[in-house]
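Structure first, commentary second.
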Amino acid sequence: MSISLDIQPFSSTLHMHGEASVSSAFSLSGYVTVSITPFLSFFGRSSSSRILLQSLIITFEGKSEVITPMTGYAPVRLCSITHELVRGEPIELSDGVLEDPATPCSWNIVFDMPIPGWLPVTSTYGDIDFEETGTRLFSFGLRSYSTNAPKCPVVLQRVVEPPAALSNEFPLTIFVVETQPESGDAQQDFQSSAGPLEVFSGVQVIASVPAAIPINETSLPFVLRLRVKDLMGCERERLRVTGFSVDIEQFEVYRNATNQTHLYCLPIPPKERQPPNEPLRDPHPIHTLWSASTFMTAQPCRSSVGRKFSLLPENNSGRYIIGGDTHIFANASDASEWYILEVDVPIAEQPYEADWAGPHIRRITESGPLFSVDHLLRVAVHCEYDDPTEQEPIHKRLQFSLPLQLIHLPNTPVPSMGGNSDAGLPTESQMKVPPAHSLPAYSQLFYPNGERKIDYSTPLPLYEPRTYPSSSSSTLIASPQKVH
C-alpha cells in the first residue's frame, strides 16, 4: 500500500481586488486529495488496507528573492499560514470498497485559507543570468509520518475595478503643477539662458492623467492646461509656447534587505523566522552559497540598485509641436483664459531593449520588501521669450512629473514576461477552473472567526463579459477655452 497527497486549488490564480491593505484578506480554497494505492501481489490483490488519518496540515508560504550583480542574493519570507484539516477524532480511511484492484482509492478534503491582502503579486525579476527569482507563493501539504505533498504554485494577481461597470476607463486626476525651469545646458535644440525667470514663472500649469492605467493599454490620455498670471500685456505678447515633451518612465528598485517601511507597516515574519535562521521551504538553488557566505557579487556590494527606462515606443520621441502662431497668450482676454492641449501618448506594446535584469517589460505599479516599481509621466513645456534686449529668443523648458498607476483589470491575462518568463507557473489557459467574476474581499464575506456574513439585501452582481475599446491614434488639439 502507498499513500499520496495532491493539492488542488479551485483556481490557480488568486485575484486580489483593490489596493494592498493589511485589513483585507482573500479566500484561497480547494481540496487535498488523499489517495491509497493497494498493494498487488503475484496472486492478485492483497487484503484491504486501512489507515488512521490523525493530522493533515496545509501551509501557504510566500517568498521574495532577488539576485543582482550589485546587491547579491537576498531572500525574505513574506508569510507562512498553516491550517490543520483534520480536527477532532482521527479519520479511518480504507480501500476495501474498491472493485478494480488497480485503481487507487481517493478522498478529497476541502480547505479554505484566508490570504493576506497586502501580499505583493507573483512576478519574476532580478539577474537573468541566474535561475529565475522574484515573488512566489506555494501551498504545501504535510502528513504526520512520511510523505509531503508536492508544492502547488499559486499565482497572486492584484486587480482594480474601474468605476463604471461597463467601461474600462478611469476618470482623469487633475494636478495643479509647480513647474521648475531647467538648469544647466539645454537638451535637444532648446538653449538654456538666465533670462527673465519671472516671466516663465508666471506660466500656470494644470495637468490631467487617468487615475489608473490598465496594463494592456496602448495609449495614455494626457491633458495640459496653460495660462499666465501677473504679466503685463507686452510680456504676454512676447511669450511663446512652441510645444511640449512627455516620457512615460518605469523605475524599478532591487534591495538586499527588507525595506524599513514594510517592516513597520506589514506583518512580515520576524527575523528569527527569516532565512538563514529558518530556511524557506522552496529556496533558490543559490541559497546554499549565500548561507555559507561564499556567494560574491560581480561588483562592490550595494544595499540597493535601480533601473529606469522609457515605456514609449522605440521610434517615438515624445515631443509634440504646436503649429501656427505660438503666441498663445497674446490674444487672451483675461488671466482666467486657459490654453488647452490634449494628446494620446502611445505606450510600447512589447519591450525592445534589455539589460542585466532582462527585457524592459511593462509591470504594474507595486511596492514590496525587496522589489518595487514606480511610474512617472515626465513633462517639459517648451517656452520662448522675445526679449527686446537680446538678439535671439530666450528658451526655457518648464519641467514637472506626475505619478502614474499601472494596474490589472479583472479577468485579464498576466502580460508576457518575454525571455524572463514565469517558468513553472500556470497560465490562464492551463487553469482547471476559469476565473470567476470579481467578488468582494474576504473580510466582507466572512467574520474574523471564519463565520460567513449573510446580507440578503445586497445580491452579488450578475456576470457581464467585458469589452475592450480599440485605442485611437494620437491627436493634438490646441484651442483657447474657459475652464469653469
Side-chain angles (χ1 to χ4, degrees), residues 175-209 220 222-249 308-346 376-402 474-483:
F175 295 88
V176 178
V177 177
E178 185 72 26
T179 60
Q180 298 291 333
E182 71 169 335
S183 59
D185 294 334
Q187 301 176 9
Q188 298 179 358
D189 59 343
F190 290 92
Q191 298 177 351
S192 179
S193 173
L197 293 181
E198 65 275 6
V199 174
F200 296 107
S201 62
V203 179
Q204 286 185 314
V205 179
I206 293 180
S208 302
V209 293
L220 161 67
F222 173 60
V223 181
L224 187 64
R225 294 173 171 86
L226 305 172
R227 72 177 180 184
V228 292
K229 65 174 182 176
D230 302 330
L231 293 184
M232 296 183 296
C234 61
E235 293 176 323
R236 294 203 304 266
E237 292 175 356
R238 296 170 186 159
L239 183 61
R240 290 183 287 158
V241 177
T242 59
F244 64 94
S245 300
V246 297
D247 189 13
I248 303 173
E249 183 179 277
K308 178 174 61 176
F309 53 86
S310 173
L311 293 181
L312 292 180
E314 183 175 10
N315 298 322
N316 190 292
S317 66
R319 180 176 168 183
Y320 296 87
I321 304 299
I322 297 178
D325 186 7
T326 57
H327 295 85
I328 62 176
F329 306 118
N331 299 322
S333 58
D334 56 68
S336 64
E337 193 166 321
W338 293 86
Y339 191 80
I340 300 181
L341 301 165
E342 299 181 27
V343 66
D344 284 339
V345 183
L376 290 175
L377 180 68
R378 297 198 180 274
V379 184
V381 181
H382 306 296
C383 299
E384 294 182 2
Y385 184 73
D386 300 321
D387 193 334
T389 64
E390 300 286 344
Q391 293 183 353
E392 296 292 335
I394 299 172
H395 304 269
K396 277 294 181 182
R397 299 203 314 174
L398 307 180
Q399 305 177 115
F400 60 92
S401 299
L402 303 178
S474 299
T475 58
L476 178 64
I477 303 173
S479 59
Q481 299 182 23
K482 294 278 188 178
V483 176

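Heavy atoms only: backbone and side chains are in, while hydrogens, waters and symmetry mates are out.
Side-chain contact check for Leu377 versus Phe222: some heavy-atom pair is nearer than 4.5 Å. No side-chain heavy atom of Thr242 sits less than 4.5 Å from a side-chain heavy atom of Ile322. Side-chain contact between Val381 and Phe400 is present, with at least one heavy-atom pair separated by less than 4.5 Å. Using a 4.5 Å heavy-atom threshold, the side chains of Leu224 and Val343 count as separate. Between Phe175 and Val205, the closest side-chain pair of non-hydrogen atoms is not below 4.5 Å. No side-chain heavy atom of Val203 sits under 4.5 Å from any side-chain heavy atom of Thr179. Two residues are said to be in side-chain contact when any heavy atoms from C-beta on lie closer than 4.5 Å; Ile206 and Val177 fail this criterion.
Of all heavy-atom pairs between Pro346 and Asn316, the closest is CG-ND2, 3.3 Å. Considering every non-hydrogen atom in both Trp338 and Gln204, the closest pair reads CZ3-O, 4.0 Å.
Between the CD1 atom in Ile340 and the CD1 atom in Ile328 there is a gap of 11.0 Å [rounded to 0.5 Å]. The distance from atom CD of Glu384 to atom CZ of Arg397, rounded to the nearest 0.5 Å, is 13.0 Å. Rounded to the nearest 0.5 Å, atoms OG (Ser401) and CG (Asp247) are 9.5 Å apart. The distance from the CD atom of Glu249 to the CZ atom of Phe309 is 9.5 Å, given to the nearest 0.5 Å. In this structure, the separation between NE2 on His382 and NE2 on His395 is 11.5 Å, given to the nearest 0.5 Å.
Side-chain contact, Arg319 with Ser245: no donor N or O sits under 3.5 Å from an acceptor N or O.
Take Arg238 and apply the salt bridge (Lys or Arg N to Asp or Glu O under 4.0 Å) test, not counting sequence neighbours, and it matches no residue. Under the side-chain contact (heavy atoms from CB on, under 4.5 Å) criterion, Ser208 pairs with Leu172, Ile174, Val223, Arg225, not counting sequence neighbours. For Thr326, there are no side chain to side chain donor-acceptor pair (under 3.5 Å) partners two or more places apart in sequence or in a different chain. Residues that satisfy the side chain to side chain donor-acceptor pair (under 3.5 Å) test with Asp325, not counting sequence neighbours, are His327.
Between Phe244 and Tyr320, the ring planes are parallel. Angles under 30° get that label, and only those over 60° would be called perpendicular.
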